[in-house]
Amino acid sequence: NTKVIVTGGTIGSMTLGTPNSDPVTVQFGEADVLLASFNLTGANEPIIWESLRLRNGGTNNDALVTNLRLMVDGDEIATGNLVDRYTEFGTLNYLVAKNDTISVEVYGDTGIGNNNDTIALYLKEGTDMVFTGQDFGYGIALGDGAGALDNFDTTAEGKTITLNAGDFTIAMDKSATPAKDVRSGD
């Protein structure tokens, strides 16, 4: 058997754009809160995005956010929940066309917790995003450095959402006449 090495072929690559890191304060119970936002750019071949796993580097409370939704170019492609600091969007099988850039957003509904609790999603490991090249079938990693995992591997590089209990006001009418037949013990 003879084997031939073909040079000049390039397998696919995936580049992670700079995430949206604008901090925001929201109220408990608010729906459709933007939790993370970034772009992915595939190159050299179509790329199958298989899974995404994000870690919450904020307050360790699974009840802080529910109903997580992964959106690509405005379309929902997966749902998830926060469990033990992680949310996992598995079995995506989303095809990124050759040399295409997609806009990725993660939304969720804020739940219950304490005032000033935070949600801060980020990629903890290089394996938190799994890609496979469609043409050549090789696994594709984000790698390290600019345009890669280093763009989004700390809470400071992602969006921090701070939960606020909000304010309420009690108005009293001091001129109102109290009830006349009120006795202690009744």
Side-chain angles (χ1 to χ4, degrees), residues 14-42 46-97 100-132 139-144 147-166:
M14 186 63 76
T15 304
L16 173 68
T18 303
N20 176 340
S21 60
D22 298 333
V24 68
T25 299
V26 299
Q27 306 298 316
F28 291 106
E30 199 167 316
D32 292 321
V33 175
L34 179 63
L35 304 173
S37 174
F38 53 89
N39 290 333
L40 290 171
T41 302
I47 297 172
I48 301 166
W49 185 11
E50 296 179 16
S51 66
L52 170 65
R53 179 179 163 148
L54 296 169
R55 184 176 198 276
N56 178 21
T59 306
N60 188 12
N61 179 351
D62 292 345
L64 288 181
V65 63
T66 60
N67 193 26
L68 287 138
R69 293 166 311 285
L70 179 62
M71 311 287 285
V72 173
D73 293 334
D75 296 323
E76 181 179 301
I77 65 165
T79 60
N81 291 304
L82 189 63
V83 177
D84 295 329
R85 284 196 177 264
Y86 287 92
T87 184
E88 197 159 338
F89 301 101
T91 319
L92 299 177
N93 292 323
Y94 186 85
L95 184 63
V96 179
D100 193 16
T101 298
I102 59 172
S103 173
V104 179
E105 297 174 321
V106 177
Y107 286 90
D109 302 338
T110 58
I112 55 173
N114 294 313
N115 197 37
N116 294 321
D117 279 354
T118 59
I119 303 162
L121 301 180
Y122 70 101
L123 297 168
K124 184 168 180 5
E125 307 287 337
T127 56
D128 286 342
M129 278 191 178
V130 177
F131 304 98
T132 302
I140 297 170
L142 285 176
D144 291 321
L149 181 61
D150 289 354
N151 279 358
F152 194 33
D153 64 348
T154 68
T155 57
E157 293 166 331
K159 190 175 199 60
T160 298
I161 290 75
T162 303
L163 300 178
N164 188 326

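In what follows, every heavy atom counts, from backbone to side chain, and hydrogens, waters and symmetry copies are set aside.
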Item to check | Working for side chain to side chain contact (heavy atoms under 4.5 Å, CB included), residues Arg85 and Asp62 | outcome: CA-CA 7 Å; Arg85 284 196 177 264; Asp62 292 345; 5.6 Å; no

Item to check | Test side chain to side chain contact (heavy atoms under 4.5 Å, CB included) applied to Ile47 and Leu95, step by step | outcome: CA-CA 6 Å; Ile47 297 172; Leu95 184 63; 6.0 Å; no

Using a 3.5 Å distance criterion without hydrogens, assess whether the side chain of [X] forms a donor-acceptor pair with backbone atoms of [Y].
X      : Y      : result
Asn56  : Ala120 : yes
Arg55  : Asp128 : no
Ser103 : Asp73  : no
Asp150 : Asp153 : no

[X] [atom1] to [Y] [atom2] distance, which is reported to the nearest 0.5 Å:
X      : Y      : atom1 : atom2 : result
Asn164 : Asn116 : CG    : CG    : 7.0 Å
Leu70  : Glu88  : CG    : CD    : 12.0 Å
Asn93  : Thr132 : CG    : OG1   : 9.0 Å
Leu123 : Leu52  : CG    : CG    : 6.5 Å
Leu82  : Leu64  : CG    : CG    : 7.5 Å
Glu125 : Leu142 : CD    : CG    : 12.5 Å

[X] versus [Y], closest heavy-atom pair with distance:
X      : Y      : answer
Ser21  : Glu157 : CB-O, 3.7 Å
Leu35  : Gly108 : CD1-N, 3.7 Å
Thr154 : Tyr122 : O-CB, 3.6 Å
Glu105 : Leu34  : CB-CD1, 3.8 Å
Phe28  : Gly113 : CE2-N, 3.5 Å
Val72  : Val104 : CG2-CG2, 4.5 Å

Item to check | Ring geometry between Trp49 and Tyr94 (parallel below 30°, tilted from 30 to 60°, perpendicular above 60°) | outcome: perpendicular

Item to check | Worked check of side chain to side chain contact (heavy atoms under 4.5 Å, CB included) between Thr18 and Phe152 | outcome: CA-CA 7 Å; Thr18 303; Phe152 194 33; over 6 Å; no

Next on the checklist: Can you confirm whether Leu121 sits close enough to Val106 that some side-chain heavy atom of one is under 4.5 Å from a side-chain heavy atom of the other?
Outcome noted: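 A side-chain contact under 4.5 Å exists here.
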
Checklist entry - Heavy atoms, side chains only, cut-off 4.5 Å: are Thr118 and Ile161 in contact? => result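 A side-chain contact is absent here, since even the closest heavy-atom pair is not under 4.5 Å.
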
Item to check | Distance-only side-chain donor-acceptor flag, Thr41 / Thr101, under 3.5 Å | outcome: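 Side chains of Thr41 and Thr101: pair found under 3.5 Å.
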
Checklist entry - Do other residues, nucleotides or ligands put more than 12 heavy atoms under 6.0 Å from Ile112 CD1? => result no

Checklist entry - Asp22 and Lys159: side chain to side chain contact (heavy atoms under 4.5 Å, CB included), yes or no, with the steps? => result CA-CA 6 Å; Asp22 298 333; Lys159 190 175 199 60; 3.9 Å; yes

Next on the checklist: Working note: Arg69 + Asp109, criterion salt bridge (charged side-chain N to carboxylate O under 4.0 Å, His left out); need CA distance, chi angles, decisive distance, verdict.
Outcome noted: CA-CA 9 Å; Arg69 293 166 311 285; Asp109 302 338; 3.6 Å; yes

Checklist entry - Met129 and side-chain contact (heavy atoms from CB on, under 4.5 Å): which partner among Leu92, Ile140, Leu40? => result Leu40

Checklist entry - When you look at Thr110 and Gln27, which way does the side-chain hydrogen bond (donor to acceptor under 3.5 Å, both in side chains) test go after all the steps? => result CA-CA 8 Å; Thr110 58; Gln27 306 298 316; over 6 Å; no

Item to check | Arg53 NZ/CZ over Tyr86 ring centroid, <6.0 Å and within 45° of normal | outcome: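 Yes, a cation-pi geometry holds between Arg53 and Tyr86.
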
